[in-house]
Amino acid sequence: MAASSTSRLYLGLEISTQQASVKVIAIDDDLNTAYEDTVAFDCDLPHYGTQGGAHVQDDQLTVTAPTVMWVEALDLALQRMKEKNFAFHKVVAISGTGQQHGSVFWKKGAESKLRDLSAKETLLGQLKDAFSVLHSPIWMDSSTAAQCHHLEAAVGGAQQLADITGSSAYERFTGNQIAKVQQMQPQAYDSTERISLVSSFGACLLIGRYAPIDESDGSGMNILNIRTRRWDLKCLDACAPNLKEKLGEVVPSSKIVGSISQYFVKRYNFSPDCQIIAFTGDNPASVAGMRLQRGELIVSLGTSDTLFLWLDEPKPATEGHIFVNPVDTAAYMALLCYKNGSLTREKIRDQSADSDWLKFSSLLSETTMGNDGNIGVYYHVREITPNAEGIYRFNAKGEKVKSFDSAVEVRAVVEGQFLAKRVHAENLGYSIETSTRILATGGASHNAAILQVLADVFNTDVYVQDVANSACLGCAYRAKHGLLGDVSFADVVKNAPEFTCAATPQVNAKQVYDPLVGVYRQLEEKYVRHQ
Ligand code: ADP
Ligand code: XUL
């Protein structure tokens with residue numbers, strides 16, 4: 001698609017592994033998409049030998065991506081835009097996103113390479129020697145258990161670390177990853193001038209010097225104080241020496257971090273006035289793409305289930321993550337991940353509803369809210385929230401039972417999943433009393449009967465809209481918001497396509513589910529947790 005001929009353009013750029021690609025989306029002032037393209041790591045850049053954009057090392061715990069692959073992917077994405085006569089000169093602002101937690105280690109002297117890029121050569125040709133660690137640790141890595149224990153101990157425990165940074169210690173979180181690099185590759189660490197997140201690394205390339213980390217993605221590192229929005233010195237010290245100077249400053253996610261560098265002006269004909277807005281992590285960027293607002297909750301019902309909450313008063317817990325909000329600097333967002341999502345619903349569908357979603361839906365509709373007090377917990381694989389495994393069924397007296405009949409089983413899996421989500425969201429500061437609406441996405445959001453249960457358990461209207469490439473699109477929106485500066489994000493996106501109301505709570509939903517939430521909380525505490 002060529003760019004529209006009249007409008008100014010805003011560009012979103014994504015460096016992702018969920019989609020194993022670099023993506024580009026350009027929108028015009030009316031928020032219409034004017035250009036969209038994807039460079040897929042595995043098939044467009046096969047010489048790196050990645051699978052899903054990553055390398056899993058022999059220990060099966062260490063997962064990395066070749067840093068220069070991301071540089072080459074950007075070269076290729078821009079080259080393709082040029083070949084399609086993309087109107088680079090119309091782009092007034094760019095923002096972007098990277099997979100959260102991954103890190104890039106710039107070697108001493110790399111910033112002068114960034115400043116002196118020649119427009120005659122590719123980025124790859126000039127930056128291939130700019131990194132002190134060639135294989136960037138990424139979010140799929142789970143090799144830093146020792147560093148996590150050390151960090152929690154240094155601040156007094158898991159809850160204390162969560163109180164400061166918004167999360168207890170997680171192996172993929174960047175502070176722990178940096179600690180491992182410092183311990184295993186001390187020379188590489190010593191020769192590092194700057195450490196970027198994948199997001200801020202993208203911004204470095206565009207402004208031709210080191211770009212700051214933004215507050216929202218910085219919250220996924222286990223070293224940022226989410227209330228003061230400054231590095232926590234105790235956490236930094238527990239991770240690695242001289243870390244503060246290698247990280248640079250932290251800025252609000254909507255801040256302009258610089259103008260585009262002369263390299264892009266000369267090579268691609270970008271306007272020298274094009275402004276770069278801080279890049280952020282893919283989950284915060286999705287929150288922007290879905291236009292989450294105060295009082296709303298996003299429930300993504302895909303292969304795994306994910307919740308994004310808008311929070312004004314966060315209550316950090318040892319489960320779930322609280323990040324600084326990417327579109328409102330005073331607010332927060334929370335992220336909860338569940339491994340037992342659609343695959344679990346599918347398993348119960350196969351066992352109890354003849355492998356048929358229609359039958360599954362009619363069994364759900366035949367049964368009543370609250371399932372006569374029967375509650376089920378189905379963790380076929382080890383769950384993240386909470387860290388537990390196994391199948392548990394309880395009758396109305398809270399006694400364990402071995403089985404349910406088909407209809408009860410079907411309602412139990414869906415109700416159990418949504419009761420759990422409400423309990424865990426409330427643990428982080430969410431309240432259904434101030435909740436305005438739920439935005440549902442993902443495969444199961446096409447199932448009206450499932451959405452009815454969601455509306456009932458949360459006593460909140462459920463809206464749907466498939467937002468494709470929400471993280472990348474969110475950055476095109478953020479580019480416009482950052483450039484305008486003095487308007488709210490909600491104002492900037494007010495003309496984006498409306499969501500459709502798909503389910504409204506039934507009359508007695510609150511009376512039925514408020515007590516069941518309490519029961520679920522106790523059952524989870526007593527029988528499920530720590531199993
Ligand atoms: P991903 O998370 O991989 O992007 P999707 O968001 O597309 O995946 O969700 C895929 C899941 O959606 C499948 O695992 C499937 O079980 C589920 N799904 C598809 N159709 C329905 C339906 N009608 N009812 C419930 N779940 C569905
Ligand atoms: C979030 C997480 C992933 C990455 C990659 O904590 O690890 O969602 O952001 O997409």
Side-chain angles (χ1 to χ4, degrees), residues 14-21 23 52-54 63 65 97-103 136-142 144 165-174 176-177 197-199 216-222 279-287 289 298-308 319-323 326 333-350 353 355-365 380 384-385 410 413-414 417 440-454 464 466-472 474 502:
E14 176 176 6
I15 306 171
S16 134
T17 42
Q18 296 269 8
Q19 323 230 350
S21 60
K23 270 195 189 359
V63 186
T97 178
Q99 46 178 296
Q100 289 202 264
H101 319 300
S103 42
S136 282
I138 64 167
W139 67 281
M140 291 142 101
D141 185 283
S142 54
T144 66
T165 70
S167 301
S168 58
Y170 281 83
E171 291 171 323
R172 65 189 189 286
F173 275 44
T174 325
N176 308 306
Q177 294 291 339
L197 292 177
V198 181
S199 55
S216 195
D217 207 12
S219 313
M221 301 175 79
N222 268 160
F279 280 33
T280 192
D282 56 353
N283 292 299
S286 277
V287 157
I298 296 169
V299 178
S300 168
L301 301 168
T303 303
S304 44
D305 289 350
T306 308
L307 254 64
F308 300 101
E319 279 164 6
H321 309 298
I322 292 176
F323 303 140
M333 61 169 274
L335 170 69
L336 284 163
C337 301
Y338 297 86
K339 262 197 199 156
N340 292 274
S342 272
L343 298 185
T344 300
R345 292 185 287 273
E346 269 177 31
K347 236 187 174 96
I348 303 299
R349 176 202 64 182
D350 295 349
S355 306
D356 179 10
W357 283 126
L358 283 177
K359 174 135 195 234
F360 184 94
S361 303
S362 54
L363 289 176
L364 209 47
S365 308
H380 294 109
I384 301 171
T385 325
V410 163
V413 68
V414 179
Q417 289 183 332
T441 64
S445 70
H446 299 284
N447 185 316
I450 291 179
L451 295 186
Q452 184 60 53
V453 181
L454 178 60
V464 288
D466 279 330
V467 181
N469 301 315
S470 58
C472 193

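Throughout, residue positions are numbered sequentially from 1 according to the sequence presented. Keep in mind the model is a prediction, meaning the values are calculated, not measured. Every number for a ligand or one of its atoms is a count from 1 in the order of the listing.
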Next item on the list: Work out which heavy atom in Q417 is nearest to a heavy atom in R345; give both atom names and the distance.
Entry: OE1-NH1, 2.7 Å
Note to self: Under a 4.0 angstrom heavy-atom cut-off, which atoms of ligand 2 come close to H101?
What the structure shows: 1 (C), 2 (C), 6 (O), 7 (O)
Item checked: Nitrogen or oxygen of T303 less than 3.5 angstrom from that of ligand 1 -> yes
Checklist line | Residue-ligand contact L335/ligand 2, heavy atom below 4.0 Å | finding: yes
Margin query: Counting only nitrogen or oxygen atoms and a 3.5 angstrom limit, does T17 reach ligand 2?
Written below: no
Checklist line | For atom 5 (C) of ligand 2, closest protein heavy-atom neighbour | finding: D282 OD2, 3.2 Å
Checklist line | Short N or O distance, W139 and ligand 2, threshold 3.5 Å exclusive | finding: no
Next item on the list: Considering only protein heavy atoms, determine whether one is less than 4.0 Å from atom 4 (O) of ligand 1.
Entry: no
Check: So, is Q100 polar-close to ligand 2, with some N/O to N/O distance under 3.5 Å?
Finding: yes
Notebook entry, point to check: With backbone taken as N, CA, C and O and side chain as the heavy atoms from C-beta onward, which portion of T441 lies under 4.0 Å from ligand 1: side chain, backbone, both, or neither?
Noted result: neither
Next item on the list: Considering only non-hydrogen protein atoms, determine which one is nearest to atom 26 (N) of ligand 1 and report residue, atom name and distance to 0.1 Å.
Entry: W357 CZ2, 3.2 Å
Next item on the list: Please indicate whether any nitrogen or oxygen in N447 is less than 3.5 Å from any nitrogen or oxygen in ligand 1.
Entry: yes
Check: Short N/O distance, under 3.5 Å, between H321 and ligand 2?
Finding: no
Notebook entry, point to check: Centres of the H321 and F173 rings: under 6.0 Å?
Noted result: yes
